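By convention here, the first residue in the shown sequence is residue 1. Worth knowing before you read on, the calculation uses all heavy atoms, side chains too, and leaves out hydrogens, waters and symmetry mates. The model shown is predicted, which means the values in this text are computed figures rather than measured ones.
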Amino acid sequence: MQETKSLLKFRKPVLVSSSPKAESHTEDILDSILPPKKVDRDGQLWVQSVSSTPATRLEVVQLQDNLDSLLKQRHARETGICVVRRELFSQLFDELIRQVTIECAERGLLLVRVRDELMQTLEAYQCLYESAVAFGIRKALQAEQGKAEMEANLEKLSNEKSDLERNVQELKAKIEAIERRAAEQKNLYEQKHASEVSSLKHTNLQLKNQLEQLLAPSTGGKK
């Protein structure tokens, strides 16, 4: 059975037999809070439980060195969400729980409650983070879609504006043509009116002269 490198200290794997070995109260508690690994190999069941041996001061120091080494080997991120860093620190917490439980089972059980509460909080934050990311992506997609619609509307309005400006120019040209024709007609009317007035004046003057000529002899005879 190949052992996986972990910060949590395990005992050597044992083959499960029909007459299982009796375990101490501390080992029972450890197995309940840190379940053993079970592997079925070649029809035989191997079990590897966490170690019930107390940790020495040197082992605690070595545990810290192993943590730093694994963080570096597995390229864990120093900040932000990192699955690798979370996994290694979870193993570290379990190892600390194991060490405390061996010294005081009640204190170890309290640490298990703290661990479980932290895990629930982390899962809640992770769910919130994933929801926020999904919300941000949806908003970005909606913004892109809205941008395309606004650009289409802008192009449509721009075309309508060009059409209206062209219509305005056409109407101005028509108005100018109408005004020119009206001015020309006015000039023709004024010229015609002036010619008629001049003709009437000339006719009136001729009639006046003729009338004066007709009246002149009768006036002379009376004298």
Side-chain angles (χ1 to χ4, degrees), residues 1-140:
M1 179 177 180
Q2 185 178 2
E3 297 184 3
T4 304
K5 191 172 184 180
S6 172
L7 296 175
L8 181 60
K9 187 176 180 181
F10 285 85
R11 292 182 289 182
K12 291 183 178 181
V14 296
L15 179 63
V16 177
S17 61
S18 57
S19 56
K21 181 182 177 181
E23 294 184 347
S24 65
H25 178 64
T26 301
E27 290 175 342
D28 289 339
I29 294 177
L30 287 173
D31 288 343
S32 65
I33 62 179
L34 300 169
K37 297 178 181 179
K38 296 181 180 181
V39 177
D40 188 357
R41 186 174 183 182
D42 298 331
Q44 295 178 326
L45 181 62
W46 293 81
V47 176
Q48 186 178 22
S49 301
V50 295
S51 175
S52 58
T53 304
T56 63
R57 183 176 180 278
L58 181 61
E59 288 176 337
V60 174
V61 175
Q62 184 63 37
L63 177 63
Q64 181 176 354
D65 293 338
N66 291 338
L67 172 63
D68 294 336
S69 177
L70 287 174
L71 287 172
K72 185 176 181 180
Q73 290 177 9
R74 299 181 61 178
H75 306 288
R77 296 176 57 184
E78 296 182 359
T79 58
I81 297 176
C82 178
V83 177
V84 173
R85 192 177 76 249
R86 179 178 176 182
E87 178 187 351
L88 291 177
F89 274 93
S90 178
Q91 293 177 7
L92 175 64
F93 203 174
D94 288 343
E95 172 61 19
L96 295 178
I97 291 174
R98 183 194 71 82
Q99 296 177 11
V100 172
T101 303
I102 294 172
E103 299 295 332
C104 178
E106 291 75 11
R107 203 157 40 227
L109 292 174
L110 283 177
L111 281 178
V112 170
R113 293 184 61 182
V114 173
R115 179 197 66 183
D116 293 342
E117 180 64 25
L118 287 175
M119 293 298 294
Q120 290 181 2
T121 303
L122 286 174
E123 290 175 357
Y125 277 119
Q126 183 174 357
C127 182
L128 182 62
Y129 169 78
E130 293 174 353
S131 299
V133 170
F135 178 78
I137 293 175
R138 287 197 302 270
K139 285 298 182 181

| said: To check you understand the geometry: which heavy-atom pair defines the closest contact between Pro54 and Ile102, and what is its length? | reply: CG-CG2, 3.7 Å
| message | Tell me the closest heavy-atom pair linking Val100 and Gly108, and the distance in Å. | response | CG1-N, 3.8 Å
| task | Find out whether Val84 and His75 are in side-chain contact, i.e. whether some heavy atom of one side chain is under 4.5 Å from a heavy atom of the other. | result | no
| So do the side chains of Val39 and Gln48 get within less than 4.5 Å of each other, counting heavy atoms only? | no
Could you grab the distance from atom [atom1] of [X] to atom [atom2] of [Y], nearest 0.5 Å is fine?
X	Y	atom1	atom2	answer
Asp94	Ile33	CG	CD1	8.5 Å
Glu123	Leu128	CD	CG	13.5 Å
Leu67	Arg85	CG	CZ	11.0 Å
Glu27	Ser51	CD	OG	9.0 Å

| request: Applying side-chain contact (heavy atoms from CB on, under 4.5 Å), run through Lys9 and Leu63 and close with a yes or a no. | output: CA-CA 10 Å; Lys9 187 176 180 181; Leu63 177 63; over 6 Å; no
Would you check if the side chain of [X] reaches a backbone N or O of [Y] as a donor-acceptor pair within less than 3.5 Å?
X	Y	answer
Thr101	Ile97	yes
Arg115	Ser90	no
Ser32	Ile29	yes
Arg98	Thr53	yes

| query | Should Gln99 and Glu95 be marked as a side chain to side chain donor-acceptor pair (under 3.5 Å) after you check the CA-CA gap, both sets of side-chain angles, and the distance that decides it? | reply | CA-CA 6 Å; Gln99 296 177 11; Glu95 172 61 19; 2.9 Å; yes
| Do Leu111 and Leu96 pass the side-chain contact (heavy atoms from CB on, under 4.5 Å) test, and can you show the C-alpha distance, the side-chain angles, and the key distance before you say yes or no? | CA-CA 9 Å; Leu111 281 178; Leu96 295 178; 5.7 Å; no
| task | May I have the step-by-step check of side-chain contact (heavy atoms from CB on, under 4.5 Å) for Phe93 and Leu7, ending in yes or no? | result | CA-CA 9 Å; Phe93 203 174; Leu7 296 175; over 6 Å; no
| query | Taking atom CD of Gln64 as the centre, does the number of heavy atoms from other residues, nucleotides or ligands within less than 6.0 Å exceed 12? | reply | no
| query | Would you find more than 12 non-hydrogen atoms of other residues, nucleotides or ligands less than 6.0 Å from Glu78 atom CD? | reply | no
| With a 3.5 Å cut-off and no angle check, do the side chains of Gln62 and Asn66 form a donor-acceptor pair? | yes
